[in-house]
Amino acid sequence: MKQSTKAIHTPFQRRDAWDALQIPVYNSLAYEFEDAAYMSDVFCGKVIVPDYSRVLNPTVMHLEERVIHLTGAKEVSAFTSGMAAISAMLISVASAGKNIVSSRHMFGNTYLLVTRTLARFGVEARLVDLCNLNEVKQAVDENTCCIFLETVTNPQTEVADTRALGKIAKEWQIPLIADTTIIPFTEFDGKTNGIDFQVVSSTKYISGGATSLGGLIIDYGYFPEISERIKKEMVFNLGGYMTPQAAYMQVLGLETLEARYRKQAASAKKIAEFLESLPEVKAVGYPGLKSHPNYELFKELYGDTAGAMITFDLKDKEACYDFINALKLIHRATNLFDNRSLAIHPSSTIFGPLSDEEKKDMDVKDTTIRLSIGLEDPDDLMEDLKQAIRR
Ligand SMILES: *Cc1c(COP(=O)(O)O)cnc(C)c1O
């Protein structure tokens, strides 16, 4: 089966009492058992069926099964948000005295998670240039617990070679963990790209138009001890398991993912090329553009579509504010991959709480605008962009 078929045709584990075509939302918190011995088997993990919805729920399980079907993963775990999935992932590999090798080009809250929160528990963040393999090799040592990266960094749109990084990780028998939020997991093969675990903010593409928060850990099963920790310790003890309401919406989102993604990516490419042609635009960041420094590598790893996030630079911060204020159709809002298009000035918002020095280290510039392209007609979007830039 091809991806778009799998996204819709993943059988339910059990037949629904009414033969409902869509997975029901199982709002029940607890589940009853026939007898004491079976109940004990379930609680001791000998049989995997729902007992309590903080740790297992039939609707959430079905979302996890669809993602397994789509990715060929061994296990998938669904969480309440992207950050819940990322924190559970990193907590399951890190411990005091260990270090995480990663980059300064990271989503704001992930950066704060590793540099502030995990630092308080004695975990060191070794932030290097992941596009420079020698730097990576020098940073990794016997106390490194993982290499972590984002497949397309936000807002720098940098693309590192996961296959080469995966080889370094393999030499040290540590996992390569990738936040793959920006390009959906249906579009590439994480395994052949050298990735051991994907973490995804399913709030973005998967939710189907900003319907719900969610996060996923996609686990290819190369590190059984870590898999066990995610399913048991992280889900049970941290309590960030996805809600059945969110899972229901994300199952629906998966069914339309390919159609939405392909259209959004095609519009984004057209718009990125258009922005590049405007004299007021100093630079455009989009890995599907030939002018992008990682264009060839991106194509090799992720194929012909390059997502729906574009960044571009104007003269200065004031020009960025004027542009944002002049938009008529595109919304002034954060989030990515909503059905509607969004614009934000990352430096003063998402990265606003960081110091100027930190922003400089992270290459977050106050001349940069980030766009998320929605499902509108690209001609209407270009018209709005043009009038706002001309202002
Ligand atoms: C949005 C986002 C996150 C955080 O996801 P939430 O669902 O908002 O917690 C993490 N990584 C990337 C790349 C994101 O875009």
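When a ligand or atom number is given, it counts from 1 through the structure's own listing order. Note: hydrogens, waters and symmetry copies are ignored here, and every other heavy atom, side chains too, is used. Residue numbers count from 1 along this sequence.
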Quiz prompt | Between Tyr286 and His292, ring centroids under 6.0 Å | solution = no
Nitrogen or oxygen of [X] less than 3.5 angstrom from that of ligand 1:
X      : result
Ser201 : yes
Glu150 : no
Ile86  : no
Phe107 : no

At the 4.0 Å heavy-atom cut-off, does Asn335 count as touching ligand 1?
no
Sequence neighbours excluded and cut-off under 3.5 Å, please list the side-chain donor-acceptor pairs for residues 238-245, or say none.
{"residue": "Tyr241", "atom": "OH", "partner": "Asn57", "partner atom": "N", "Å": "3.3"}
{"residue": "Thr243", "atom": "OG1", "partner": "Ala246", "partner atom": "N", "Å": "3.2"}
{"residue": "Gln245", "atom": "NE2", "partner": "Asn27", "partner atom": "OD1", "Å": "2.3"}

I need the full list of side-chain hydrogen bond (donor to acceptor under 3.5 Å, both in side chains) pairs touching residues 76-86, with sequence neighbours left out, sorted by first then second residue.
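Passing the test, one end in residues 76-86: Ser77-Lys231.
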The atoms of ligand 1 lying under 4.0 Å from a heavy atom of Gly82, numbered in the order shown, are 5 (O), 6 (P), 7 (O), 9 (O)
Under 4.0 Å from one or more heavy atoms of Leu336, ligand 1 contributes atoms 15 (O)
Checklist line | Expected output: side-chain Arg163 to main-chain Thr192 donor-acceptor under 3.5 Å | finding: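 Looks like yes, one N/O pair under 3.5 Å.
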Report task. Please assess Arg116 against Arg120 for the test side-chain contact (heavy atoms from CB on, under 4.5 Å), listing each intermediate value before the final yes or no. Result -> CA-CA 6 Å; Arg116 312 264 160 96; Arg120 283 197 287 111; over 6 Å; no
### Task
Answer yes or no: is there a side-chain heavy-atom contact under 4.5 Å between Ile100 and Leu118?
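In short, these two side chains touch, coming nearer than 4.5 Å.
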Under-4.0 Å heavy-atom contact with ligand 1, by part of Asn109 that carries it: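 For Asn109, no heavy atom sits under 4.0 Å from ligand 1.
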